[in-house]
Asker: 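One structure is given below, represented as structure tokens, and several questions about it will come after.
A, B, ... follow the sequence lines: proteins, then strands. Residue 1 opens every chain. On a predicted model such as this, the values are computed, not experimentally measured, just so you know.
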There are 2 protein chains.
Amino acid sequence: MNINFFQSIYDHPLIQRNDLNVIMNTHERINFSKGSLLLKNGKMANEYYLIESGLLRAYVHDFSGNEITTDFYCANDIAIEVSSLFQRIPTKENIIALTNGIAWKIDFEKFQNLFHSIEGFREWGRAWMARQLFISKQRKIEMLTKSATERYKELIKDNPAIVQHVPIKHIASYLGITDTSLSRIRKEILFDL
Amino acid sequence: MNINFFQSIYDHPLIQRNDLNVIMNTHERINFSKGSLLLKNGKMANEYYLIESGLLRAYVHDFSGNEITTDFYCANDIAIEVSSLFQRIPTKENIIALTNGIAWKIDFEKFQNLFHSIEGFREWGRAWMARQLFISKQRKIEMLTKSATERYKELIKDNPAIVQHVPIKHIASYLGITDTSLSRIRKEILFDL
DNA sequence: AAATAATCTTGCCATATGACAGTAAATTAT
DNA sequence: ATAATTTACTGTCATATGGCAAGATTATTT
């Protein structure tokens, strides 16, 4: 078990080395295989996962039943459904594995203990939430101000792994367009690349 | 000072009555007047505000310098820029008063004390963040899946005060369209109302 | 009250994206 | 390997929204 992996994720000035050990030992290693569901619509999230390797996709169903991809999780990301986990309510999201992979799981009760017993951990947690909120806001603004083409180009730049491994229709719903349109956009920007 | 106001905002099963008193006394009443800035781009947020009355608008500038309205805050809302306040970094947002009003202010240091000393308060804080994250995600999905017309209709339904008091151009940028388009949409839906 | 400025509406045309259908290509199952 | 299924691309047409500019309306200042 690699301490650098945990250190890069639980990165906060108030988390001491021995705190990190406690935190590490609270996680459990799991393997997931392509197609398996880590979280299912209607259930309550009881854990979250640090992704060591592999690729996951989160999605919801819109009013007419179409899958809308809300997030991708890659190595070093945290796969989590905050709303369900922290409000103790059933989720509307699904998290499914797009590839095989390895993750480190921590469940809510253990998280809760760390949160209330380690000051650095709860500072980290709050900062993490703040960052997520910032990212979410940013993405919202980008949806408003940027064209689908620009958003796709940025995805290529920031997250090439996703573009390479994920079916177009999922990327399209993530970008908020149809797969038809994305197909055309891809054709368009071939010249730029 | 109205305890019901604070109770409705700091609403969590683990917050006891005397906790609430401590929390209440940590806030300071302020008046704000139309046009005043409660937060300015480039500064660090050092406090947040519970809005008792009045109307505020948060906005950022996009790459080409246009104002994008990111949020409105009404009575009983919390006007806060989480990212700057909790990550201790300068903000990119502005919060400006659209009307005169009354708010209760709490600054970061005092918040921090409450957070670490009252378990119920930090549970409330985390749940609040989780809810915000959920709302932000929801809005993102709505931007993806709903038309500008639908989004405007929902705004009318959920927040009529905003539609009545706020200049169209701000509502338009909040919805992610131009004021021209919003003007046409308004004309369109006159029939529906 | 008049003057000025800000805001809102409207017309014209351009463009991005969607809906639907058909085909091609790739993946998966038999 | 073959068949079946899923995924990706393309064509045609429809629609929503944007860009720009000119008026109309409303608000603000003098």
Asker: Checking Y174(A) against R57(A): is there a side-chain donor and acceptor pair closer than 3.5 Å?
Answerer: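 Looking only at side-chain atoms, Y174(A) and R57(A) do not form any donor-acceptor pair under 3.5 Å.
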Asker: Could you tell me the separation between the CZ atom of R151(B) and the P atom of dA16(D), rounded to a whole number of Å?
Answerer: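 Interatomic distance, CZ of R151(B) to P of dA16(D): 13 Å.
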Asker: If you only use heavy atoms from C-beta on, which nucleotide in dT17(D), dT17(C), dT9(C) is closest to the side chain of S183(B)?
Answerer: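 Looking only at heavy atoms from C-beta outward on S183(B), the closest nucleotide is dT9(C).
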Asker: Nearest of dG18(D), dT17(C), dT17(D) to any side-chain atom of T149(B)?
Answerer: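 Within the option list, the nearest is dT17(D).
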Asker: Just wondering, do F111(B) and F86(B) contact through their side chains at under 4.5 Å, heavy atoms?
Answerer: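 Heavy-atom side-chain distance check passes, below 4.5 Å.
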Asker: Go nucleotide by nucleotide along DNA chain D from the 5' end; which of S147(B) and T180(A) gets its closest nucleotide reached first?
Answerer: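 First, find each residue's nearest nucleotide; the 5'-ward one identifies T180(A).
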Asker: Of I185(A) and K169(B), whose nearest nucleotide on DNA chain C comes first from the 5' end?
Answerer: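 Nearer the 5' end of the strand: K169(B).
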Asker: What integer distance in Å separates K146(B):NZ from dT15(D):P?
Answerer: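 Distance, rounded to whole Å: 22 Å.
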Asker: Does a side-chain heavy-atom distance below 4.5 Å link F72(B) with N159(B)?
Answerer: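 No, too far: nothing below the 4.5 Å cut-off.
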Asker: Among dG18(C), dC8(C), dC20(D), which is the nearest nucleotide to the side chain of I177(A)?
Answerer: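 Taking heavy atoms from C-beta onward, the closest nucleotide is dG18(C).
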Asker: Please report, rounded to the nearest Å, how far the P atom of dT10(D) is from the CZ atom of R186(A).
Answerer: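 Taking CZ of R186(A) and P of dT10(D), I get 10 Å after rounding.
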Asker: Heavy-atom distance under 4.5 Å between the side chains of C74(A) and N76(A), does that happen here?
Answerer: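 A side-chain contact under 4.5 Å is absent here.
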Asker: Rounded to whole angstrom units, what separation is found between the CG atom of L190(B) and the P atom of dC8(C)?
Answerer: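 Atom-to-atom, L190(B) to dC8(C), this comes out as 15 Å.
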Asker: What is the distance, rounded to the nearest whole Å, between atom CD of E188(B) and atom P of dT10(C)?
Answerer: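 These atoms are roughly 11 Å apart.
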Asker: Quick one: which of dT17(C), dC8(C), dT17(D) gets closest to the side chain of S181(A)?
Answerer: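 Taking heavy atoms from C-beta onward, the closest nucleotide is dT17(C).
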Asker: How many Å lie between CE on M143(B) and C1' on dA16(D), as a whole number?
Answerer: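 One finds 14 Å between C1' of dA16(D) and CE of M143(B), rounded.
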Asker: Take atom CG of L182(A) and atom P of dT17(C), then tell me their distance rounded to the nearest Å.
Answerer: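 Nearest whole value for this atom pair: 10 Å.
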Asker: Which nucleotide in the set dC8(C), dC20(D), dG18(C) lies at the smallest distance from any side-chain heavy atom of T178(A)?
Answerer: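 The answer is dG18(C).
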Asker: Using a 4.5 Å cut-off on heavy atoms from C-beta on, say whether the side chain of F63(A) contacts that of T145(B).
Answerer: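 Touching, per the 4.5 Å side-chain cut-off.
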Asker: Could you state the atom-to-atom distance from CZ of R184(A) to P of dA16(C) in whole Å?
Answerer: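 The answer, rounded to whole Å, is 12 Å.
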Asker: May I ask you to verify if any side-chain N or O of K187(B) is less than 4.0 angstrom from the OP1 or OP2 atom of dT10(C)?
Answerer: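 Answer is yes, contact under 4.0 Å.
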